[in-house]
There are 4 protein chains.
Amino acid sequence: MLHQRFGGGQGWSGRRGRARVRAVVIRDARTRILDAAEELFAGSGYAATQTTMIARLAMVPRGLIHRHFPHKIDVLVALVDERTYVEEGREVDAVPGDPAGTLSRLARGLPLRASPAMRRILFREAETHGSVKERLGRLNGELVRRARFALGLALPGARGDAARLEVAATMFAAVLLYQENLCQLTGHQIDPDAVAELIAHSLV
Amino acid sequence: MLHQRFGGGQGWSGRRGRARVRAVVIRDARTRILDAAEELFAGSGYAATQTTMIARLAMVPRGLIHRHFPHKIDVLVALVDERTYVEEGREVDAVPGDPAGTLSRLARGLPLRASPAMRRILFREAETHGSVKERLGRLNGELVRRARFALGLALPGARGDAARLEVAATMFAAVLLYQENLCQLTGHQIDPDAVAELIAHSLV
Amino acid sequence: MLHQRFGGGQGWSGRRGRARVRAVVIRDARTRILDAAEELFAGSGYAATQTTMIARLAMVPRGLIHRHFPHKIDVLVALVDERTYVEEGREVDAVPGDPAGTLSRLARGLPLRASPAMRRILFREAETHGSVKERLGRLNGELVRRARFALGLALPGARGDAARLEVAATMFAAVLLYQENLCQLTGHQIDPDAVAELIAHSLV
Amino acid sequence: MLHQRFGGGQGWSGRRGRARVRAVVIRDARTRILDAAEELFAGSGYAATQTTMIARLAMVPRGLIHRHFPHKIDVLVALVDERTYVEEGREVDAVPGDPAGTLSRLARGLPLRASPAMRRILFREAETHGSVKERLGRLNGELVRRARFALGLALPGARGDAARLEVAATMFAAVLLYQENLCQLTGHQIDPDAVAELIAHSLV
DNA sequence: CATGAATGAGCTTTCATTCAT
DNA sequence: AATGAATGAAAGCTCATTCAT
C-alpha cells in the first residue's frame with residue numbers, strides 16, 4: 001500500500017543525531033499505526049475495529065497507540081487530517097471544445113489526495129465524527145465546483161443550459177467519489193475516462 | 001417514517017377475535033423495534049448502535065428485543081430481509097425512441113423497495129454481514145440489467161455502442177442507489193429524472 | 001422412565017366427576033414437569049438446566065411450571081421430597097451365618113426409594129439446597145445403620161471387631177449410594193451382589 | 001490451601017531482576033484466580049459460581065479474569081489441566097503376601113495429585129466439560145489398573161478368582177476417589193488404610 | 001519513550017419470574 | 001387454570017484507557 005501523505009505534522013524535520021534516529025523510529029511506529037488503521041477502518045468500519053487489531057497489524061504494542069493518539073477517535077481524525085487533502089485553489093486545465101478531455105484530465109488530476117481506502121473511510125464514517133463529514137463535504141463541493149467550471153470553459157457555446165450542466169457536474173463528482181465504494185460493494189468497475197466521455201457527450 | 005413492508009411473515013391473516021388483538025400487539029412491538037433499528041443503524045451505523053438505544057427509541061424493554069431477535073445481528077438481517085426487496089422479474093416499460101422517458105419510468109418504478117434509511121444501511125453495512133452484501137449485489141445487478149435492457153429497447157438504432165451503453169447503465173444504477181447517501185453526506189440533491197434525461201441524451 | 005413415587009401430596013384422591021378429570025390433567029402436567037426436571041437435573045445439573053428446557057421436555061407451557069412451582073428451587077425440593085424416600089423403620093432381613101446373603105438382600109431391599117437419576121441429583125445438588133443435603137445425610141445414615149445392624153445379626157460371633165464392621169458398613173453404604181455416579185462417570189459397572197459378597201467375606 | 005502444580009506454563013524460569021518481580025505479580029493474580037475458583041467451584045458448583053464471585057474472592061478486578069481466561073469454562077479447564085495430575089507410569093510397590101500393606105501404600109501414593117477440592121470438582125463437573133470427564137476417566141482407569149496389578153502381585157496364590165479381584169480393585173478405586181465427596185456430603189470419614197485392610201482381607 | 005498487565009464501564013445476552021389475556 | 005409475551009436483574013464478556021515498571 002502506498003499512500004500520498006502531506007505534512008506529517010510532527011515537525012521532526014530539523015532534528016539531528018540521536019534525536020533524529022529516535023524520531024525516525026517514532027515516526028515509523030506512528031505511520032504503521034495509521035497504515036493499519038486505514039486498512040482496518042476501510043475494511044470493517046471504525047466502530048468494529050478494535051485498537052488491539054490496529055496494534056497487531058501495525059506490529060506495535062497496544063500502549064503505543066494511546067501514546068500517539070490519546071483516544072481512539074484521534075486515530076480517525078489524524079487519518080482524515082493527514083491522509084485526505086482537498087486542493088482548493090488549483091487551476092482547471094480546460095480546453096474549449098473538448099469537454100470530454102477536460103473532464104478526463106480533471107478526473108486524473110483530482111483535487112483529492114486520498115487512497116481508495118481513505119475514500120471509503122470518508123463515506124463510511126461521515127456520521128462518526130464532525131471532522132470527517134466536514135472534509136467530505138468540502139471535497140465534494142470542490143469537485144462539483146471544478147467540474148462546473150471546467151465544463152463552462154470547455155463548452156463556450158453553452159449548449160447545455162445551466163441546470164443540465166449542474167446535474168452533469170454533480171454526477172461526475174458523485175461517480176468519482178463513490179468509485180471505490182461501488183467497485184468494492186457491487187463488483188462493477190467504473191472507468192473515470194468513460195464517465196467523462198459520456199457526460200461530455202450528453203452536453204454537446 | 002413510513003415503510004413499505006412485504007409480508008410481515010407472522011401469518012396472522014386467518015386469526016380472529018382475541019387472538020387477533022394479541023397478534024397486533026406483538027406485531028407492534030416487533031415493528032417498533034425494527035423501526036427504531038432502521039433509524040439508528042442508518043444514522044450511526046450498526047456497530048455503534050447499542051441494543052439499549054434501540055429499546056429506548058422503540059419504547060420496549062431491552063429483553064423484548066432478544067425475544068424477537070436472539071442476537072443483535074438478527075435485527076439487521078431481519079431489516080434487510082423484510083424491508084428491502086428486489087423485484088427481479090418485472091417488465092421494463094420501454095418506449096422506443098424515448099430513452100429519457102424510459103429511464104425516468106425505470107427510476108420511478110425502481111425494482112427496489114426500500115426506504116431511504118434502508119438504502120443507507122445497505123451500503124454502510126455491506127461488509128458487516130453476508131446477507132446485506134448479497135442483497136446489495138443482487139440489487140445493483142438487477143438495476144444494471146434492467147437499465148441495459150431498457151436502453152436497448154429505447155434506442156433501437158443502437159447509436160451508442162455497447163461499451164458506452166454499459167457505462168450508462170452502470171452509472172444510472174450507481175446514481176440511483178447512492179442517491180440517498182449522496183444527499184445526506186454531501187447535501188447535493190440528485191433528481192432521478194434529470195439523471196435519466198442526461199444519460200439518455202448522451203446516447204443519442 | 002418409570003419412577004416409584006410415594007405420596008403425591010396433592011390429595012386429589014377423593015375428588016369426583018369433572019373436578020377429578022381436571023385434577024388428572026393437572027397432575028399429569030405436574031408429573032411431566034417433575035419427570036423432565038429429574039432427567040435434566042441429573043444430566044446437566046440444577047443450575048445449568050433452564051426452566052425453558054424443562055417446559056419443552058415436559059411439553060407444557062412455560063408459565064405452567066411457575067404455577068405449580070413458584071420458584072425454580074421448588075422443583076428441586078419437590079423432587080427430593082416426593083421422589084426420594086428413606087424407610088427408616090424397616091426390618092432388616094438378616095440371616096445369622098450368612099452375611100453375604102444378608103447384605104445382598106439389604107442391597108435389593110434398599111430402604112432408599114429413588115431412581116438412579118434421583119440419586120445422582122442428590123449427590124450433585126447436595127450443596128445447592130439444605131433439604132437436599134439433609135435428605136442425603138439421612139439416607140446415608142440409615143443405610144449405614146442398617147448395614148451395621150444386619151452384619152451384627154449375621155455375624156453373631158463378632159469375628160470382625162467393631163471398627164472393621166463399621167468400615168464395612170460405611171463402604172457398603174457408600175458403594176450402593178454412589179453406584180450410579182460411578183457407573184455414569186467412570187463407565188465401571190458395580191454389581192451390588194458382588195460387593196455384598198466381598199464385604200461379607202472380609203469379615204468372616 | 002496448598003496446591004501442587006505442574007508446569008505453570010508461563011516460562012518465566014530464566015528471567016531475572018525486575019522482569020522476575022513482574023512475573024511474580026502476574027503469577028500471583030492468576031494463581032489467586034485459580035485458588036478462588038477452586039474453592040468456589042468445589043463449594044457451589046461451576047454453573048452457580050459467578051465470575052464476579054471469583055474476582056471478589058481473588059481480590060482482582062473482573063476484567064483480569066477474562067484477560068487470563070477468555071471464557072469462564074477456561075478457568076475450569078485450567079484448573080483440571082494444572083491442578084490434577086494422573087501419574088500413569090508409576091511403579092506399584094507391591095509386597096507378595098501383604099495385600100493390605102500393598103493397598104495401603106497404593107492409597108497413600110495415589111497416582112492422583114489433586115487437592116480435596118479439585119477431587120470434588122472433578123466429580124461434580126464431569127458432565128460440564130469434556131476435558132474434566134476425560135481426566136476423571138483416566139484417573140479411575142489408572143487407579144483400577146494399579147489396584148488390580150498390585151493385588152495380583154501381593155496375592156501370588158490367586159486365592160480370589162479374577163472376578164472377585166476385579167470387584168475389589170473397582171471398589172478400592174471408587175472409595176478412594178469418592179472419599180472427599182463422602183466425607184463432605186455424609187459426614188462419614190473413611191480411612192484409606194482401613195479400606196485397604198478390609199479389601200485385602202476379603203481376598204485372602 | 002516503551003510496554004503490556006491492569007482496570008472497569010458498558011455492552012450483549014440469558015433467563016427466572018410476572019402478568020395480561 | 002392456562003398461556004406465552006413481557007420484563008429487567010444479573011450474567012459473561014469486550015475493549016478503550018490507564019499506569020506501574
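Reckoned from all heavy atoms, side chains included, excluding hydrogens, waters and symmetry mates. Below, read A as the first sequence line, B as the second, and so on, with proteins coming before strands; counting in each chain starts at 1.
Side-chain proximity of B:Gln50 to E:dT12, F:dG12, E:dT17: nearest is E:dT12.
Base pairing annotation: F:dA20 forms a Watson-Crick or G-U wobble pair with E:dT3, both donor-acceptor distances under 3.5 Å.
The residue among B:Ile73 and A:Val60 whose nearest nucleotide of DNA chain E lies closer to the 5′ end is A:Val60. Positionally, the nearest nucleotide of DNA chain F for D:Gly63 lies more toward the 5' end than for the other of D:Gly63 and A:Phe69. Residues B:Pro61 and D:Ala47 both approach DNA chain F. Their nearest nucleotides, taken by heavy-atom distance, put B:Pro61 toward the 5′ side. With DNA chain E read from its 5' end, the first of the two nearest nucleotides for B:Pro70 and C:Pro70 is the one closest to B:Pro70.
Checked by atom type and distance alone, the side chain of B:Arg135 pairs as donor or acceptor with a backbone atom of B:Val80 at under 3.5 Å. Side chain of A:Glu125 to main chain of A:Val132: no donor-acceptor pair is present (N/O by atom type, distance under 3.5 Å, no hydrogens or angles). Looking only at distances, a side-chain donor or acceptor of B:Tyr46 sits under 3.5 Å from a matching main-chain atom of B:Ile73. With A:Arg62 contributing its side chain and A:Ala55 its backbone, the two residues share no donor-acceptor pair below 3.5 Å.
Regarding contacts with the backbone of E:dC15, every side-chain N or O of C:Thr51 stays at 4.0 angstrom or more from both OP1 and OP2. Not one side-chain nitrogen or oxygen of C:Thr52 sits closer than 4.0 Å to the OP1 or OP2 atom of E:dC15. Considering only side-chain N and O atoms, D:His71 lies nowhere under 4.0 angstrom from the phosphate OP1 or OP2 of F:dG12. The phosphate of E:dC1 has neither OP1 nor OP2 within less than 4.0 Å of any side-chain N or O from A:His68. OP1 or OP2 of F:dT17 sits under 4.0 Å from a side-chain N or O of A:His66.
Remark: the B:Arg67 side chain and the F:dT7 base include no donor-acceptor N/O pair separated by less than 3.5 Å. One N or O donor and one acceptor, one from the side chain of C:Arg62 and one from the base of E:dT17, sit under 3.5 Å apart.
One atom, CE of C:Met59, and another, C1' of F:dA2, lie 17 Å apart when rounded to the nearest Å. In this structure, B:Leu64 atom CG and E:dT13 atom P are separated by 15 Å, rounded to whole Å. Spacing between atom NZ of A:Lys72 and atom C1' of F:dT17 amounts to 12 Å, rounded to whole angstrom units. F:dC15 atom P lies 13 Å from atom CG of A:Leu40, rounded to whole Å. To the nearest angstrom, C1' of F:dA6 lies 14 Å from CG of B:Asp28. In this structure, the CZ atom of D:Arg32 is 13 Å from the C1' atom of E:dA5, given to the nearest Å. Counting to the nearest Å, the P atom of F:dT7 and the CD1 atom of B:Ile33 are 10 Å from each other. Here the P atom of nucleotide F:dG12 and the CD1 atom of D:Ile65 are 9 Å apart, to the nearest Å.
For the pair B:Ala78 and B:Arg30, the tightest heavy-atom approach, listed with the atom from each and the gap, is CB-NH2, 4.4 Å.
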Step-by-step side chain to side chain contact (heavy atoms under 4.5 Å, CB included) determination, D:Arg56 to D:Thr52 | CA-CA 6 Å; D:Arg56 194 165 355 185; D:Thr52 302; 3.7 Å; yes

